[in-house]
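Below is one structure, written out as structure tokens, with a few remarks after it.
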Amino acid sequence: MASLSFVSSSHLTLRTPSIALRSTGSSPRTSVSFSVKAQSVALSQDDLKKLAAEKAVEAIKPGMVLGLGTGSTAAFAVDQIGKLLSSGELYDIVGIPTSKRTEEQARSLGIPLVGLDTHPRIDLAIDGADEVDPNLDLVKGRGGALLREKMVEAVADKFIVVADDTKLVTGLGGSGLAMPVEVVQFCWNFNLIRLQDLFKEFGCESKLRVDGDGKPYVTDNSNYIIDLYFKTPLKDGFAAAKEIGKFQGVVEHGLFLGMATSVIIAGKNGVEVMTK
């Protein structure tokens with residue numbers, strides 16, 4: 001883990017080893033050093049998310065095709081991209097949004113948008129995560145955008161994840177919160193039962209996601225989401241992903257494995273960059 005040292009009341013510095021190359025193996029993560037400026041040591045969680053998101057945006061260079069993530073933390077990154085474009089500090093970039101709401105936000109900020117059909121190669125994607133394990137494998141999709149997120153981020157040369165320290169888990173499913181599976185509407189309960197039975201050894205409970213009116217939540221792709229709640233973490237995320245994918249009617253799942261290049265974690269004492 002990174003060691004923290006306070007330089008002054010307005011600066012917080014992380015001193016850690018240098019960044020390592022991307023790896024899809026199970027080697028332990030390392031950290032990269034950087035300095036962040038803050039008005040005071042005591043920052044709110046949103047302040048820290050914003051700092052981490054702005055750090056991720058520093059990796060953007062002119063000429064890049066960007067994957068624009070979805071969620072509260074990713075929204076800070078999209079805001080920062082818009083500000084840099086407006087000021088002229090950033091130029092000649094295009095973005096591919098991972099949800100309708102990110103598309104609306106990006107358009108409102110004047111960020112040029114394209115699609116995977118015309119730009120199938122992405123230089124950099126920036127997004128949040130719901131869980132991050134020690135191997136930098138992720139659970140994503142509690143915001144409902146998992147399918148488009150995975151389509152975009154799977155083809156990104158680099159994928160930077162921004163999250164707060166509450167998202168750190170020792171094993172995927174370890175937070176006890178939802179691990180989403182997007183399914184077609186046809187006979188959704190059939191798959192709900194099958195998914196719960198598949199993970200019964202982990203004390204899994206499966207629930208259909210509903211909106212504020214108690215109606216089934218419908219994704220941007222007109223599908224439903226079944227949320228899986230585990231009492232104990234998954235032992236093997238790759239095996240779990242393979243088994244989920246075997247079910248007819250399953251469109252995508254929220255296990256994002258071997259995809260993250262680095263993860264920027266915001267905590268009460270500052271931010272840390274983790275990489276394999």
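The first residue of the sequence shown is numbered 1, and numbering continues consecutively from there.
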Check your understanding: Measuring from W188:CH2 to I193:CD1, what's the distance to the nearest 0.5 Å?
Key -> 8.5 Å

Check your understanding: Are L85 and I111 close enough that some pair of their side-chain heavy atoms sits under 4.5 Å apart?
Key -> yes

Practice item. Would you confirm whether T73, through its side chain, and A53, through its main-chain N or O, come within 3.5 Å as a donor-acceptor pair? Key: no

Point to revise | Heavy-atom pair with the smallest gap, counting every atom of D236 and A239 | key: OD1-N, 3.0 Å

Review point. In terms of side-chain geometry, is the basic nitrogen of E103 or R107 positioned less than 4.0 Å from the acidic oxygen of its partner?
Key: yes

**Study point:** Single-linkage hydrophobic cluster I93~V155, side-chain heavy atoms < 4.5 angstrom
**Key:** no

Review point. Is a donor on one side and an acceptor on the other found under 3.5 Å between the side chain of D213 and the backbone of K215?
Key: no

**Study point:** Exercise: do S175 and R142 side chains pair donor with acceptor under 3.5 Å
**Key:** yes

Revision key, fill the gap. Taking every heavy atom of L168 against every heavy atom of M274, the minimum-distance pair comes out as CD2-CE, 3.8 Å

Review point. Do any N or O atoms from the side chain of D227 and from the backbone of R209 form a donor-acceptor pair under 3.5 angstrom?
Key: no

Check your understanding: F238 and F247: same hydrophobic cluster, using ILVMFWY side-chain contacts below 4.5 Å?
Key -> yes

**Study point:** CG-CD1 distance between L192 and I226, expressed to the nearest 0.5 angstrom
**Key:** 4.5 Å

Review point. Roughly how far, to the nearest 0.5 Å, is CG of N189 from CZ of R194?
Key: 11.5 Å

Practice item. Please answer whether the main-chain N or O of S222 pairs with a side-chain N or O of Q185 as donor and acceptor at a distance below 3.5 Å. Key: yes

Review point. So, the side chain of T98 versus the backbone of E149: is there a donor-acceptor pair under 3.5 Å, distance only?
Key: no

Exercise for review: Please report the C-alpha distance between V152 and I122 in whole Å, then the side-chain angles of each, then the deciding distance to 0.1 Å, and finally whether the side chain to side chain contact (heavy atoms under 4.5 Å, CB included) criterion is met.
Suggested key: CA-CA 8 Å; V152 169; I122 296 174; 3.4 Å; yes

Review point. Which atoms form the tightest heavy-atom contact between D127 and A74, and what is the distance?
Key: OD1-CB, 3.7 Å

Check your understanding: Same cluster or not: are L195 and F190 linked, directly or through other Ile, Leu, Val, Met, Phe, Trp or Tyr residues, by side-chain heavy atoms under 4.5 angstrom apart?
Key -> no

Check your understanding: Does a side-chain heavy-atom distance below 4.5 Å link I81 with L109?
Key -> no

Practice item. Say whether V183 and V218 are linked into one hydrophobic cluster, either directly or through other cluster members, by side-chain heavy-atom distances under 4.5 angstrom. Key: yes

**Study point:** side chain to side chain contact (heavy atoms under 4.5 Å, CB included) between F76 and V162, worked out
**Key:** CA-CA 10 Å; F76 286 124; V162 185; over 6 Å; no

Exercise for review: Can you tell me which residue pairs pass the salt bridge (Lys or Arg N to Asp or Glu O under 4.0 Å) test with a partner in residues 165-175, sequence neighbours excluded?
Suggested key: D164-K167

Point to revise | Closest heavy-atom pair and its distance - P97, T102 | key: CB-CG2, 4.0 Å

Revision key, fill the gap. In short, A77 meets I126 closest at the heavy-atom pair CB-CG2, 4.0 Å

Check your understanding: With distance as the sole test, does K140 use its side chain to make a donor-acceptor pair with the main-chain N or O of E131 at under 3.5 Å?
Key -> no

Output a table of donor-acceptor pairs, distance under 3.5 Å, between side-chain atoms of residues 58-69 and any protein atom two or more places apart or on a different chain; print 'none' if there are none.
from : atom 1 : to  : atom 2 : distance (Å)
E58  : OE1    : K55 : NZ     : 3.1

Point to revise | Test: K231 cationic atom under 6.0 Å from F202 six-membered ring centre, within 45° of axis | key: no

Exercise for review: Measure across D220 and K100 and return the closest heavy-atom pair with its distance rounded to 0.1 Å.
Suggested key: OD2-N, 2.9 Å

Review point. Any luck finding a side-chain donor-acceptor pair between D79 and Q105 under 3.5 Å?
Key: yes

Point to revise | Pairwise side-chain contact, T219 with L147, heavy-atom cut-off 4.5 Å (strictly under) | key: no

Exercise for review: Please round to the nearest 0.5 Å and tell me the distance separating atom CG of L228 and atom SG of C204.
Suggested key: 4.5 Å

Check your understanding: Do E153 and F256 come close enough that some side-chain heavy atom pair is under 4.5 Å?
Key -> yes

Exercise for review: For the residue pair K83 and V57, establish whether any side-chain heavy-atom pair is separated by less than 4.5 Å.
Suggested key: no

Practice item. Kindly work out whether a path of hydrophobic side-chain contacts (I/L/V/M/F/W/Y, heavy atoms less than 4.5 Å apart) joins Y229 to V210. Key: no

Check your understanding: Hey, what do you get for CG (L136) to CG (L257), rounding to the nearest 0.5 Å?
Key -> 11.5 Å

Check your understanding: Strictly by modelled atom types, are T70 and S99 linked by a side-chain donor-acceptor pair under 3.5 Å?
Key -> yes

Point to revise | Test side-chain contact (heavy atoms from CB on, under 4.5 Å) applied to L255 and V181, D137, L138, L234, the passing residue | key: L234

Exercise for review: Could you tell me if the ring centre of Y224 sits under 6.0 Å from that of Y217?
Suggested key: no

Check your understanding: Between H253 and V139, is any pair of side-chain heavy atoms under 4.5 Å apart?
Key -> no

Exercise for review: Look up atom CG in L177 and atom CZ in F230, then write down how far apart they are to the nearest 0.5 Å.
Suggested key: 12.0 Å

Exercise for review: State, yes or no, whether a side-chain contact exists between I244 and L198 at a heavy-atom distance under 4.5 Å.
Suggested key: yes

Check your understanding: Should we count NZ of K150 as having more than 12 external heavy atoms under 6.0 Å?
Key -> yes

**Study point:** Test side chain to side chain contact (heavy atoms under 4.5 Å, CB included) applied to D157 and L124, step by step
**Key:** CA-CA 6 Å; D157 290 343; L124 171 65; over 6 Å; no

Exercise for review: Taking the side chain as every heavy atom from C-beta outward, state whether I96 and H119 have any atom pair closer than 4.5 Å.
Suggested key: yes

